[in-house]
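Residue numbers begin at 1 in each chain, while the letters A, B, ... track the order of the sequences.
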2 protein chains.
Amino acid sequence: MPYSYEFERPALAVDCVVFGLRPSAQDSAALSQPSSRLVVLLIERALQPFEGRWALPGGFVRIDETLDRAAERELVEESGLSIAYLEQLYTFGELKRDPRERVVSVAYFALVNPVEHVLAAGTDAAKAEWFDVSTLPSLAFDHGKIIEVALERLRSKVRYRPIGFGLLPELFTLTQLQKMYETILDRPLDKRNFRKKIASLEFVVATEDTERGVPRRAARLFRFDQAAYDALSRQGFDLELI
Amino acid sequence: MPYSYEFERPALAVDCVVFGLRPSAQDSAALSQPSSRLVVLLIERALQPFEGRWALPGGFVRIDETLDRAAERELVEESGLSIAYLEQLYTFGELKRDPRERVVSVAYFALVNPVEHVLAAGTDAAKAEWFDVSTLPSLAFDHGKIIEVALERLRSKVRYRPIGFGLLPELFTLTQLQKMYETILDRPLDKRNFRKKIASLEFVVATEDTERGVPRRAARLFRFDQAAYDALSRQGFDLELI
DNA sequence: ACAAAAGTGTTAGAATTACACCCATGA
DNA sequence: TCATGGGTGTAATTCTAACACTTTTGT
């Protein structure tokens with residue numbers, strides 16, 4: 001045990017809050033909803049403690065990997081997902097978070113593309129499933145709290161950074177884009193004002209393509225131009241997106 | 001070594017970026033500055049590694065204290081400061097941050113009242129000193145990077161949360177308040193527009209008092225009403241302050 | 001009386017919000 | 001031809017930004 005650190009050490013873990021967007025089954029009864037749902041990925045724990053309870057994907061940080069890498073690794077191991085956006089969220093260090101011993105957990109939040117939603121049965125985990133954020137089951141550890149913090153961060157950050165594109169396919173319609181914002185912000189947006197705003201953003205560019213195979217007029221497809229955004233962003237701009 | 005955690009554990013530390021506001025010596029030459037300076041507290045390291053270099057106050061997290069408590073304790077131990085505002089900033093987990101061994105550090109950022117600026121010689125530390133953020137010395141570890149992140153957070157957060165009051169005395173003039181914002185944001189603000197804005201914030205309240213002992217017209221003193229802010233904040237408001 | 005900062009309104013331009021209909025397409 | 005969502009503009013309002021002089025007070 002080297003140098004001045006004679007104390008007992010807390011264990012160090014990462015936990016990931018993975019958000020996805022799922023088209024919601026348009027109940028003919030409850031209409032007037034955003035028609036897409038924000039979902040979060042949970043793992044059913046195969047081991048004690050909290051065996052059988054749902055929890056965030058996560059695990060311990062190895063001595064030779066950075067925190068970001070640990071988060072990525074856990075996501076791949078436990079769900080086989082590929083991640084469109086990953087950022088560190090907050091570090092949770094309460095004393096009794098884990099009933100076994102002191103565990104400090106660095107939480108991440110991640111966004112995944114809808115096409116990637118296929119869930120590989122993980123190695124450690126019993127099973128992985130998507131849950132609507134508004135109807136979560138009772139969670140292991142303080143993971144309910146972590147999801148709350150992640151949701152808050154997502155809702156505030158999506159308004160001034162173009163991260164929401166991570167929840168959409170590479171090519172998307174303006175209606176999909178609007179529904180994504182409506183779903184996350186949980187309020188309706190005005191279609192014309194929304195489109196005016198998007199049209200003013202140089203980094204959301206129209207392609208030549210349109211939707212295929214829809215039983216109605218096909219919508220134009222757009223894409224997010226990361227390079228254009230980075231350029232603007234480097235000149236220091238601020239811009240409320242929505 | 002309990003349960004499934006057979007890995008070697010990273011050490012876990014906290015580091016604190018403590019900001020203060022210092023009236024700047026109004027050089028008759030270089031006028032037209034905000035006339036206050038943003039300063040950060042550094043400790044001269046008494047031990048290897050980086051002996052003699054300046055570093056952020058910080059230290060290892062004990063097994064029976066939360067992260068917040070560890071940050072508070074380090075601040076008291078190393079500087080004797082009392083803290084007006086403390087929030088977790090980010091967790092730094094690169095592999096070679098510390099040349100001795102793997103250390104993951106949870107960084108905090110803190111704001112202190114100007115009256116509290118008296119520095120007690122700490123127990124561990126050689127000496128503590130305030131440095132202007134624009135003229136920092138070369139720092140130990142990745143502490144330069146941590147301060148950058150903290151500055152960015154301060155600059156963005158001060159615009160929509162009333163944390164800047166933590167840098168002022170309990171009773172302050174509108175000119176002091178304006179200079180505080182000018183110093184942090186590093187740009188001039190229009191006096192009349194600024195006062196109009198502040199007047200619209202119900203949680204910045206005028207007192208009956210005025211400045212004492214100044215060789216000119218005395219300014220009215222204001223205070224920040226935390227309870228009023230919390231009430232508004234609970235009804236979910238958003239409000240750009242500046 | 002002078003120096004120094006306190007205090008105070010108006011106007012032009014920009015951004016935001018509210019609002020409803022015609023169009024294109026596939027079934 | 002019908003159902004479905006795609007696509008479009010204008011006017012009222014609110015917010016933001018630019019701008020300069022008078023007042024108070026202590027020395």
Side-chain angles (χ1 to χ4, degrees), chain A residues 23-28 31-36 159-160 168 171-183 185 187-202 204-222 237-242, chain B residues 23-28 31-36 159-160 168 171-183 185 187-202 204-222 237-242:
Chain A
S24 74
Q26 192 78 294
D27 247 276
S28 48
L31 214 39
S32 87
Q33 261 122 17
S35 82
S36 72
R159 292 184 46 196
Y160 62 96
L168 296 178
L171 299 182
F172 50 84
T173 69
L174 293 180
T175 299
Q176 284 179 295
L177 187 64
Q178 181 176 342
K179 280 188 201 308
M180 180 270 284
Y181 280 109
E182 288 177 332
T183 301
L185 301 175
R187 65 185 159 94
L189 299 172
D190 178 89
K191 181 158 79 158
R192 280 178 288 186
N193 293 339
F194 180 81
R195 285 168 181 239
K196 216 183 306 168
K197 185 71 162 207
I198 298 300
S200 77
L201 304 176
E202 304 168 50
V204 182
V205 301
T207 67
E208 293 306 305
D209 295 340
T210 55
E211 285 179 299
R212 303 293 240 90
V214 289
R216 47 171 165 81
R217 177 175 178 180
R220 163 144 270 123
L221 294 171
F222 289 74
F237 91 133
D238 207 8
L239 187 43
E240 186 156 283
L241 298 175
I242 295 299
Chain B
S24 73
Q26 191 78 296
D27 247 273
S28 48
L31 215 38
S32 85
Q33 261 122 15
S35 83
S36 71
R159 293 184 45 196
Y160 63 97
L168 296 177
L171 299 181
F172 50 84
T173 68
L174 293 180
T175 299
Q176 283 179 294
L177 187 63
Q178 181 176 344
K179 280 188 201 310
M180 181 270 285
Y181 280 108
E182 288 177 332
T183 301
L185 300 175
R187 63 184 162 96
L189 299 172
D190 178 90
K191 181 158 80 159
R192 279 176 289 185
N193 292 340
F194 180 81
R195 285 167 182 241
K196 217 183 305 168
K197 185 70 161 207
I198 297 299
S200 76
L201 304 176
E202 302 168 50
V204 182
V205 301
T207 67
E208 294 306 305
D209 295 341
T210 54
E211 286 179 300
R212 303 293 239 91
V214 290
R216 49 167 166 84
R217 176 173 179 182
R220 164 144 271 124
L221 293 171
F222 289 74
F237 90 133
D238 205 9
L239 188 41
E240 186 155 284
L241 298 173
I242 293 300

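Comparing C:dA6, D:dT4, D:dG7 against the side chain of A:R216 picks out D:dT4 as the nearest. The side chain of B:A219 sits closest to C:dA6 out of C:dT16, C:dT8, C:dA6.
The 5' end of DNA chain C is approached more closely, in terms of each residue's nearest nucleotide, by A:K191 than by the other of A:K191 and A:V214. If B:G213 and B:E240 are placed on DNA chain D by their nearest nucleotide, the residue sitting closer to the 5' end is B:E240. Along DNA chain D, the nucleotide closest to B:K197 and the one closest to A:R220 are compared, and the more 5′ of them pairs with A:R220.
Look at CG on A:L241: it is 12 Å from P on C:dT16, rounded to the nearest Å. The distance between atom CG of A:L177 and atom P of D:dG7, rounded to the nearest whole Å, is 13 Å. Between the C1' atom of C:dT11 and the CZ atom of B:R192 lies a distance of 12 Å, rounded to the nearest Å. When the C1' atom of C:dG7 is taken as reference, atom CG of B:D190 falls 13 Å away, rounded to whole Å. Counting to the nearest Å, the P atom of C:dA6 and the CZ atom of B:R217 are 9 Å from each other. Per the geometry, CG belonging to A:N193 stands 13 Å off P belonging to C:dA20, to the nearest Å. Distance CD (B:Q176) to P (C:dA4): 19 Å, rounded to an integer number of Å. Rounded to whole Å, the distance from CG on A:L221 to C1' on D:dG5 is 14 Å.
Separating the CD1 atom in B:I242 from the CD atom in B:E182 is a distance of 10.0 Å, to the nearest 0.5 Å. A:N193 contributes atom CG, which lies 11.5 Å from atom CD1 of A:I198 (distance to the nearest 0.5 angstrom).
Shown are B:L177, B:L189, B:T175; of these, the side chain to side chain contact (heavy atoms under 4.5 Å, CB included) with B:R195 is made only by B:T175.
Judged by distance alone, the side chain of B:E240 and the main-chain N or O of B:R159 form no donor-acceptor pair under 3.5 Å.
Using a 4.0 Å heavy-atom distance criterion, B:R195 is classed as a base contact. Nucleic acid contact for A:T175: sugar-phosphate only, since backbone atoms but no base atoms lie under 4.0 Å from a heavy atom of the residue.
Contact annotation: side chain of A:K196 to base of D:dT10, donor-acceptor pair present below 3.5 Å.
Ion pairing between a basic and an acidic side chain is recognised when a charged N comes within 4.0 Å of a carboxylate O; A:E211 and A:R216 show such pairing.
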